[in-house]
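What follows is a set of notes on a single structure, which appears directly below.
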Amino acid sequence: MTDNPGYPNYGPPPPAPYGFAGPPGPPFVAGKVRSTGTCFLLMIVTLGFYSWYYWYCVHDELKTQRGGRGLGGGLALVLAIFLPVVLYFMTPDEVGNASLERGLGKPVSAIYGLWVFLPFIGNIVWFIQVNDALNRYWRSLGAVG
């Protein structure tokens, strides 16, 4: 039985020839577009533990997409646990550099880390700015969301 009447069903395509590794170069990876409101809500509900996951994913995706350049998820997680203030400066710097490499300008930079020193509202402003810049970067690479 065929899915398309009038056309034979030949089954799945054949496997790639032996020794064929695909096109040269790093695989294309677009990161995940994350809703700012959802992330912020998850950070509140989980008492901040979601921020560890967020920083791990963001830095892991950036390092993968940029061909190994960047902090990486593992180191970001260690910093998030033991010295999180460093990530308030490094995350916008990496997002800004990635955007600049893509030709989008540098919407955020390490200077945005200073927002963390303004109690409560500073964290909100920092997160909105950095997550928005990151989402614009992923969308420029074809991510949806």
Side-chain angles (χ1 to χ4, degrees), residues 3-4 7 9-145:
D3 293 332
N4 297 324
Y7 295 98
N9 186 2
Y10 293 113
Y18 179 75
F20 179 74
F28 174 75
V29 177
K32 181 178 179 184
V33 174
R34 292 173 176 84
S35 163
T36 301
T38 302
C39 289
F40 193 71
L41 183 63
L42 284 169
M43 286 182 195
I44 292 171
V45 169
T46 64
L47 304 177
F49 287 105
Y50 178 78
S51 65
W52 294 358
Y53 173 76
Y54 176 85
W55 272 325
Y56 173 84
C57 290
V58 164
H59 285 279
D60 188 55
E61 290 168 357
L62 281 170
K63 186 172 184 175
T64 301
Q65 197 283 322
R66 297 176 68 211
R69 291 187 319 275
L71 191 60
L75 185 54
L77 180 61
V78 170
L79 287 172
I81 294 170
F82 296 108
L83 201 58
V85 71
V86 171
L87 289 174
Y88 283 99
F89 294 90
M90 293 190 79
T91 303
D93 192 52
E94 282 201 29
V95 171
N97 289 336
S99 296
L100 190 61
E101 290 170 6
R102 182 85 178 128
L104 302 174
K106 194 166 183 175
V108 290
S109 64
I111 198 79
Y112 277 73
L114 293 175
W115 279 109
V116 73
F117 297 112
L118 186 62
F120 188 68
I121 192 72
N123 286 332
I124 295 171
V125 170
W126 180 91
F127 187 74
I128 290 170
Q129 294 291 321
V130 173
N131 197 56
D132 182 56
L134 184 62
N135 286 341
R136 278 186 275 136
Y137 173 70
W138 290 134
R139 285 186 184 110
S140 78
L141 291 169
V144 291

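These numbers come from a predicted model, not from an experiment.
- Between the side chains of Ser109 and Asp93, no donor N or O sits under 3.5 Å from an acceptor N or O.
- Checked against the 6.0 Å centroid threshold, Tyr88 and Phe127 do not count as a close aromatic pair.
- Here OG of Ser99 is found 9.5 Å from NZ of Lys106. Values are rounded to the nearest 0.5 Å.
- Separation of atoms CG (Leu62) and CG (Asn97) is listed at 10.0 Å; rounding is to 0.5 Å.
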message: Using the rule given for side chain to side chain contact (heavy atoms under 4.5 Å, CB included), can you reason through Trp115 versus Ile121, listing the C-alpha separation, both sets of side-chain angles and the distance that settles it, and then say yes or no?
response: CA-CA 8 Å; Trp115 279 109; Ile121 192 72; 5.8 Å; no

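- Residues Tyr137 and Glu101 have side chains that never bring a donor and an acceptor to within less than 3.5 angstrom of each other.
- How far CD1 of Ile44 is from SG of Cys39: 11.5 Å, rounded to the nearest 0.5 Å.
- Proximity of Leu104 to Arg136: side-chain heavy atoms (C-beta onward) are nowhere separated by under 4.5 Å.
- For Tyr53, the OH atom is loosely surrounded, since the number of other residues' heavy atoms within 6.0 Å does not exceed 12.
- A salt bridge links Glu61 with Arg34; the closest basic N to acidic carboxylate O contact falls under 4.0 Å.
- Closest non-hydrogen pair, Val130 versus Pro92, comes out as CG2-CB, 3.8 Å.
- Heavy atoms of other residues, nucleotides or ligands lying less than 6.0 angstrom from CH2 of Trp55 number more than 12.
- Between Phe117 and Phe89, the angle of the ring planes lies from 30° to 60°, which puts this pair in the tilted group.
- Surrounding CG of Leu100 are more than 12 heavy atoms belonging to other residues, nucleotides or ligands, all under 6.0 Å away.
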message: Under the criterion side chain to side chain contact (heavy atoms under 4.5 Å, CB included), I'd like the reasoning laid out for Val144 against Val33: C-alpha separation, chi angles, the key distance, then a yes or no.
response: CA-CA 7 Å; Val144 291; Val33 174; over 6 Å; no

message: Evaluate Glu94 against Lys63 for salt bridge (Lys or Arg N to Asp or Glu O under 4.0 Å), listing each step before the verdict.
response: CA-CA 9 Å; Glu94 282 201 29; Lys63 186 172 184 175; over 6 Å; no

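- Taken from CG in Leu79 to NE2 in His59, the straight-line distance is 8.5 Å, to the nearest 0.5 Å.
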- request: Evaluate the criterion side chain to side chain contact (heavy atoms under 4.5 Å, CB included) for residue pair Trp138 and Gln65; output intermediate values, then yes/no.
  value: CA-CA 10 Å; Trp138 290 134; Gln65 197 283 322; 3.8 Å; yes

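- The structure places OG1 of Thr36 at 4.0 Å from CG of Asn131, a figure rounded to the nearest 0.5 Å.
- Taking CG of Leu42 as the start and OG1 of Thr38 as the end, the distance is 6.5 Å to the nearest 0.5 Å.
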message: Would Leu134 and Val108 count as a side chain to side chain contact (heavy atoms under 4.5 Å, CB included) here? Give the steps.
response: CA-CA 9 Å; Leu134 184 62; Val108 290; over 6 Å; no

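- Taking the six-membered ring where the residue is Trp, Tyr54 and Tyr50 present tilted rings, their angle falling between 30° and 60°.
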